Student: 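Input: one structure, supplied below.
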Number of protein chains: 2
Amino acid sequence: MKKKATPKRARTKQKRLSPDDRRKEFVAKATEFFSEEGFGGGTRDLARRLGVTQPLLYRYFPSKDDLIKEVYRTVYLEPFDTGWEKLLADRSKPIRDRLYEFYNAYTNVIFNRKWLRIYLYSGLKGLDINRWYVGVVRDKILTRIVRECRHEAGMPLQTKPTAAELEMAWVFHSGIFYYGVRKYIYESPVLESKEQMISDALDAFLAGFERVFGATVAISRAPVKVVG
Amino acid sequence: MKKKATPKRARTKQKRLSPDDRRKEFVAKATEFFSEEGFGGGTRDLARRLGVTQPLLYRYFPSKDDLIKEVYRTVYLEPFDTGWEKLLADRSKPIRDRLYEFYNAYTNVIFNRKWLRIYLYSGLKGLDINRWYVGVVRDKILTRIVRECRHEAGMPLQTKPTAAELEMAWVFHSGIFYYGVRKYIYESPVLESKEQMISDALDAFLAGFERVFGATVAISRAPVKVVG
DNA sequence: ACCGTTGTTTATCGACCGATCACTTATTAA
DNA sequence: TTAATAAGTGATCGGTCGATAAACAACGGT
């Protein structure tokens, strides 16, 4: 008892995409699908959402696993902006402004159902790509943040942050990160203003870093800037 | 081609447990199993780990889902210690000592592969029990912490914390929580001393709370608007 | 020693999954 | 127009899943 209401006519209306574009379209929709259903979601359901039949998937991807791998690749690699590193290192701006700007931009990218769910799924699976990403966050973001904090506090420059310093940056970073998880995964009520959350977390981090590691040096606090 | 090496002899050795104990044993092992495999893990694999055959599970549990529900129940309810609330409210001790003691005790309970994985899985599934738990953390722990911080800072007592105060407590709490995730789920290197991590996070939180919400700085605080 | 009760296994069912193949339809080039 | 090629579908396979039924084994009361 299948519905057959002029399927051919309907399909011929839409232009045929180039193989590469079609493939990308599949990956994009698959990302959305798996982020909601988990990677246990079936290929038939996925195909139905794509408006095609299930075997067609296997013309574009050798296996479901290969499709999933490509989903990971796009989710993890696509949004990462190398300009962020430069932003964090730009000492012409106050450190607080840099961190505030960075975390607003960063969370604008990762705070959505799709990204967070894919991230958490891959983390639970213990996939290499997740470990790689954690390493990137540590090396490209947190290490840089600690370095800037040390500089700000007039502490001697060290190429590598101490484990305790890095840990403090992790706790700070994770606190912000989990705001997104609470909002988009747990769908729990959160403070409406993400900007204020970041601002307050930043105040606590800078004050804490100074208190724990900086001893005597004071960090003059910049006013909260509400941007974009 | 099944292996049949004297299975009966091996089994008769062990004493038969009472039905209730056997059931509990199953739940305990199932918890371990699902925490590693995810809830997509098969009942046959689970049974193999229990050293029994798969249909036997259905004598103790009506369905796989019922078994899973009981796994959730034990994981979520078992470890929660109501004494923690009293500890947090005990104003004969300095607030920092209370928080330090609480978070050491709390993380001793939840920082293990089993608990964290079950928690994250249930969170991704959007299960009610997860939302319930998040609500408990908010109402029993964070609300109390904020109240104590307000008291400590000599601020007027309010029955309910503001959204911004609660959010700051959440960010602090989540930062500590994610230390466990990084260590036991991502298996990423972390600061060896959990105590130091808690201590430093605590310093940052208390300093930040005072700076952001304390009377003297509240005046100079930039107007971040909390909109609906 | 017997029997009923309970615990456990073997065998199997229907549903669903990922994947493959033969076939049909649409597009492009000559 | 037609032949070649690519895109897409229907049917189906082997495997695994959760769950059930019936047979079997172990224990306890009498």
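Proteins come first, then strands; the chains are lettered A, B, ... in the order of their sequence lines, and each starts at number 1. Computed over heavy atoms, backbone and side chain alike; hydrogens, waters and symmetry mates excluded. Computed from a prediction, not measured in an experiment: that's the story for all the values here.
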Student: Any protein N or O atoms within reach of nucleotides 19-23 of chain C? Criterion: under 3.5 Å, listing atom names and distances.
Tutor:
unit_1, atom_1, unit_2, atom_2, d
C/dA19, OP2, A/Tyr58, OH, 2.6
C/dA19, OP2, A/Lys64, N, 2.8
C/dA19, N7, A/Gln54, NE2, 2.9
C/dA19, N6, A/Arg44, NH2, 3.3
C/dA19, N6, A/Gln54, OE1, 2.9

Student: Can you find a side-chain donor-acceptor pair between A/Asn108 and A/Lys194 that sits under 3.5 Å?
Tutor: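 Short answer, yes.
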Student: Roughly, in whole Å, what's the span from CZ in A/Phe26 to P in D/dA7?
Tutor: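 So the two atoms are 11 Å apart, to the nearest Å.
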Student: When we call it a touch if two heavy atoms are under 4.0 Å apart, what does B/Gly41 touch: a base, just sugar-phosphate, or nothing?
Tutor: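 The answer is sugar-phosphate, as B/Gly41 gets under 4.0 Å only of primed atoms, P, OP1 or OP2.
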Student: Whole Å only: how far is the CG atom of A/Leu56 from the P atom of D/dA7?
Tutor: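 Computing the A/Leu56:CG to D/dA7:P distance gives 9 Å.
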Student: With sequence neighbours excluded, tell me which residues meet ring pair (Phe, Tyr, Trp, His ring centres under 6.0 Å) with A/Tyr103.
Tutor: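 Checked A/Tyr103 against ring pair (Phe, Tyr, Trp, His ring centres under 6.0 Å); matches are A/Phe172, A/His173.
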Student: Over how many whole Å does the gap from B/Leu46 atom CG to D/dA19 atom C1' extend?
Tutor: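 Rounding to the nearest Å, CG of B/Leu46 and C1' of D/dA19 are 14 Å apart.
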Student: Remember a base hit wins even if backbone is also touched, and classify A/Phe61 as base, sugar-phosphate or nothing at under 4.0 Å, heavy atoms.
Tutor: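 The answer is nothing, as A/Phe61 stays clear of every strand by at least 4.0 Å.
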Student: Can you tell me the distance, in whole Å, between the CZ atom of A/Arg48 and the C1' atom of C/dC17?
Tutor: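 To the nearest whole Å, that distance equals 13 Å.
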Student: Is the shortest side-chain N/O distance from A/Arg22 to OP1 or OP2 of D/dA6 below 4.0 Å?
Tutor: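 For D/dA6, neither OP1 nor OP2 has a side-chain N or O of A/Arg22 closer than 4.0 Å.
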Student: Whether the B/Asn130 and B/Tyr72 side chains hold a donor-acceptor pair (N or O, under 3.5 Å, no angle test) is what I'd like checked.
Tutor: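 Judged by distance alone, the side chains do not pair up.
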Student: Grab the CG-C1' distance between B/Leu57 and C/dG7 for me, whole Å please.
Tutor: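 From B/Leu57 CG to C/dG7 C1': 13 Å.
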Student: In terms of side-chain geometry, is the basic nitrogen of B/Glu32 or B/Arg113 positioned less than 4.0 Å from the acidic oxygen of its partner?
Tutor: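 The answer is no: the pair does not qualify as a salt bridge.
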Student: Give the minimum heavy-atom separation between B/Phe34 and B/Tyr121, together with the two atoms involved.
Tutor: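 The answer is O-CE1, 3.9 Å.
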Student: Ignoring hydrogens and angles, state whether a donor on the side chain of B/Tyr76 or B/Ser122 is under 3.5 Å from an acceptor on the partner side chain.
Tutor: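 Indeed, the side chains of B/Tyr76 and B/Ser122 share at least one donor-acceptor pair under 3.5 Å.
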Student: In this structure, how many angstroms lie between the C1' atom of D/dG18 and the CD atom of B/Glu37, rounded?
Tutor: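 These atoms are roughly 17 Å apart.
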